[in-house]
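Below: the structure, in structure tokens.
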Amino acid sequence: MARQYTLHRPVAAGSGIDYVSALNAAQYEAVSSPPGKALVIAGAGSGKTRTLTYRVAWLLDHGVESRQILLLTFTNKAAREMVERVRELIARDTSDLWAGTFHSIGSRILRRHAEDLGFTRAFSILDRDDQKSMLAKVIAACNIDTKERRFPKAEVLASIFSLCENTGASLPDVIAGSYERCYDWLEQIEQIRLGYVEKKRVTNSMDFDDLLVLTVRLFGERADVLELYQKKFRHLLVDEYQDTNAVQGRMIELLTGRSNSLMAVGDDAQSIYSWRGADMAHILGFPRRYPEARVFTIDTNYRSVPEILDLSNAAIRANAGRFEKELRSARAAAGAKPALVALPDPRTQAGFVVQRMLELRDAGVPLNEMAVLYRAHFQSLEIQMELTVRGIPFVLTSGLRFFEQAHIKDVSAFLRFVVNRRDEESFMRMVLLLPGCGPVAAENLWREWLDTGWAKRDDLPVKLSEILLGFSKVPKKAVKHWQQLCYTLDELAPNGFLAKPSEMIFSVLEGIYNEYLEASFDNYESRRSDLEQLSQYGGGFADIVEFLSQLSLLGAVDGQPGADHHGPDEDQVTLSSIHQAKGLEWQVVFLIWLVEGQFPNSRILEADDQPMLEEERRLFYVAITRAKDDLYLTYPMMNPKSYSGDVICSPSRFLGDFPADLVDAWDVGNADARSDDAPF
């Protein structure tokens with residue numbers, strides 16, 4: 001029997017931190033809890049990062065070595081900030097503390113054990129562009145017949161495979177649930193998936209999903225390796241636990257094992273990423289998975305005034321799947337309730353928001369302390385237009401400016417060409433959308449068009465199809481789609497006269513572009529909604545030339561299309577989807593388009609999907625809790641659809657989840673009908 005000998009390491013001097021003074025009672029209780037399993041429910045604005053940081057400091061102050069701690073986050077920035085704060089609190093070397101994203105930690109582990117999985121330690125990590133390039137090669141090698149119908153592009157396939165990996169769902173289930181438009185290609189997509197896996201192995205490459213999946217696989221196949229890391233990391237801390245997916249959840253469970261300490265910090269009320277694989281069951285099921293676990297609730301909010309928190313507490317109460325908690329404000333009452341503002345239509349909604357912004361700016365609120373939040377990117381169209389017309393700088397966190405997006409420019413190219421048949425750029429962009437038509441083929445077709453002489457004529461007494469269908473340089477693979485393009489162009493200029501802008505956009509979308517959209521973009525539904533919104537916007541113009549002029553002006557501020565229109569330090573309004581706004585805060589928040597079918601999303605309502613409806617409500621809660629001082633809830637009462645007439649809007653059901661006395665209803669009138677005591 002081996003003789004037991006204990007190595008006593010020198011005990012570092014304590015940091016001298018006064019934890020009781022530095023933390024509130026709930027934070028201190030969590031930070032100072034004994035080793036074991038713990039779940040910390042940290043409400044919005046309650047100091048989650050502070051709690052995690054002080055927990056690391058507490059462990060170090062109580063004899064835990066930094067190399068025994070693993071801190072898992074969702075961004076490298078969050079990990080760096082926490083480690084830097086720990087260093088500020090404790091004057092001690094923490095270089096051997098492992099802190100980073102799940103992917104970065106997985107990468108570190110795999111670099112040490114890649115040979116066990118058939119890779120070398122020098123494996124390459126594919127970014128999204130690398131991944132799409134590799135998939136394109138695999139697709140080409142599979143010789144799939146795509147003459148009759150467009151095959152999903154590499155970007156769409158990458159997203160399908162990623163969702164399979166992150167949720168653990170089968171390929172048929174993922175396609176049936178989220179990519180039904182691709183189901184006819186199921187057999188070929190499976191062929192590509194297998195080819196892609198083999199291509200990565202042969203090229204000694206891993207994509208970002210592999211960094212998680214292969215780490216979990218390594219632990220499953222090599223018990224000795226798992227034991228090595230279980231002994232190394234005695235204390236695991238996990239940030240944003242509500243956002244973990246199936247693979248991340250399994251990785252945490254394996255590393256925790258039976259005896260290690262685990263502190264998971266998150267907020268069930270802010271679980272809003274199921275569409276990318278996050279599984280809320282992890283946080284809700286934590287007490288069942290670890291019956292001995294302690295659950296701490298941190299509910300003092302340092303961000304928002306009480307009036308906003310009263311509303312947020314009432315709004316989320318309608319959800320059944322949640323931990324009970326009531327956020328309490330550390331701030332004094334402001335005296336003003338959130339405003340509920342019904343407007344006649346989307347343009348008036350935009351006018352109200354921007355006018356109110358200007359009034360608030362005059363009252364001393366900086367523009368960079370104001371944000372407009374929305375459920376979907378296309379809902380920002382009218383706001384972008386109004387801000388641009390009034391010369392108010394803004395920054396978008398939800399994507400490119402509306403008129404700079406690829407799909408908007410694609411459809412605009414059709415309109416520009418029928419108006420200006422000398423527009424080479426629009427012709428090339430339009431033709432390059434066709435399968436089998438690359439730059440050389442597009443150039444040949446352009447020269448053939450010039451040779452007809454019609455580019456230089458201002459009149460058009462014949463249909464464009466009568467000219468274009470006879471072209472000899474159309475690639476064989478593109479013939480069918482070229483014909484459809486020709487007939488679509490006829491609809492844009494029937495009988496030699498230009499159609500209305502809204503009709504043109506609808507014709508391009510339904511005639512040819514929708515098929516391309518489905519095959520090319522992961523977020524097909526969102527981009528189609530953008531184009532429907534563009535068609536609606538076009539309904540306000542009778543003249544296509546004026547419409548295209550407005551598109552060009554709104555897409556390029558100060559004559560610099562595609563540029564970063566404002567410097568990083570400039571005072572500017574933020575426009576953001578709610579998903580992108582999570583974790584951010586502003587003095588003033590305008591939450592727009594609170595209409596049934598827009599928020600909550602119409603697909604969720606049609607499917608009667610209660611779990612997803614509860615996630616939509618959590619999204620509403622996240623939006624409300626971004627506001628520090630002032631909150632405006634707005635919606636249009638009428639939505640003028642360009643091709644189906646005006647649609648009466650019903651207020652979002654979320655506006656009925658709280659008592660009416662928690663908001664002030666504003667009655668907005670036009671200037672000529674406004675009384676002297678109106679709010680504007």
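Given the structure is predicted, the values throughout are model-derived calculations rather than measurements.
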Using side-chain heavy atoms (C-beta onward) and a distance below 4.5 Å, is [X] in contact with [Y]?
X      : Y      : value
Leu284 : Phe323 : yes
Ile283 : Ile41  : yes
Glu165 : Val247 : no
Leu387 : Leu575 : yes
Thr256 : Ile252 : yes
Val588 : Asp629 : no
Val238 : Val265 : no
Leu237 : Asp239 : no

Counting only N and O atoms by type, is there a donor-acceptor contact under 3.5 Å from the side chain of [X] to the main-chain atoms of [Y]?
X      : Y      : result
Asn245 : Thr167 : no
Lys37  : Asn260 : yes
Arg618 : Gln270 : no
Ser107 : His103 : no
Asn76  : Gly100 : no
Thr75  : Ala78  : yes
Gln379 : Ala376 : yes
Arg361 : Pro366 : no
Ser652 : Leu594 : no
His579 : Ile272 : yes

Between [X] and [Y], is any side-chain donor less than 3.5 angstrom from a side-chain acceptor?
X      : Y      : answer
Thr101 : Ser104 : yes
Ser162 : Arg128 : no
Thr120 : Asn204 : yes
Asn301 : Ser46  : no
Ser33  : Arg294 : no
Gln580 : Ser576 : no
His282 : Thr244 : yes

Below 4.0 angstrom, N of the basic side chain to O of the carboxylate: do [X] and [Y] qualify?
X      : Y      : value
Asp310 : Lys337 : no
Arg317 : Glu326 : yes
Arg222 : Asp116 : yes
Lys132 : Asp207 : no
Arg303 : Glu585 : yes
Lys200 : Asp130 : no
Arg617 : Asp657 : yes
Glu253 : Arg250 : yes
Arg322 : Glu324 : yes

From CA spacing to verdict: side-chain hydrogen bond (donor to acceptor under 3.5 Å, both in side chains), Gln242, Glu240:
CA-CA 5 Å; Gln242 78 281 349; Glu240 303 287 9; 2.7 Å; yes
For the residue pair [X] and [Y], does the interplanar ring angle fall in the parallel (under 30°), tilted (30 to 60°) or perpendicular (over 60°) class?
X      : Y      : answer
Phe599 : Phe620 : perpendicular
Phe219 : Tyr229 : tilted
Phe123 : Phe119 : perpendicular
Tyr54  : Tyr19  : perpendicular

Are there more than 12 heavy atoms of other residues, nucleotides or ligands under 6.0 Å from atom NZ of Lys231?
no
Among Glu88, Lys48, Arg85, side chain to side chain contact (heavy atoms under 4.5 Å, CB included) partner for Thr53
Arg85
To the closest 0.5 Å, what do you measure between CD (Glu307) and CG (Asp664)?
10.0 Å
If you draw the axis of the six-membered ring of Trp98, does the NZ or CZ of Arg67 fall within 45° of it and under 6.0 Å from the ring centre?
no
Between Tyr302 and Arg50, is there a cation-pi geometry (under 6.0 Å to ring centre, at most 45° from the normal)?
no
List the steps and the verdict of salt bridge (Lys or Arg N to Asp or Glu O under 4.0 Å) for Asp267 and Lys582.
CA-CA 12 Å; Asp267 184 6; Lys582 185 173 175 289; over 6 Å; no
Chi angles and distances behind the salt bridge (Lys or Arg N to Asp or Glu O under 4.0 Å) call for Asp299, Arg328:
CA-CA 6 Å; Asp299 54 12; Arg328 296 175 291 104; 2.8 Å; yes
Run the ring-ring contact (aromatic ring centres under 6.0 Å, His included) check on Phe102 and Phe74 step by step: do they pass?
CA-CA 7 Å; Phe102 286 86; Phe74 276 83; 5.4 Å; yes
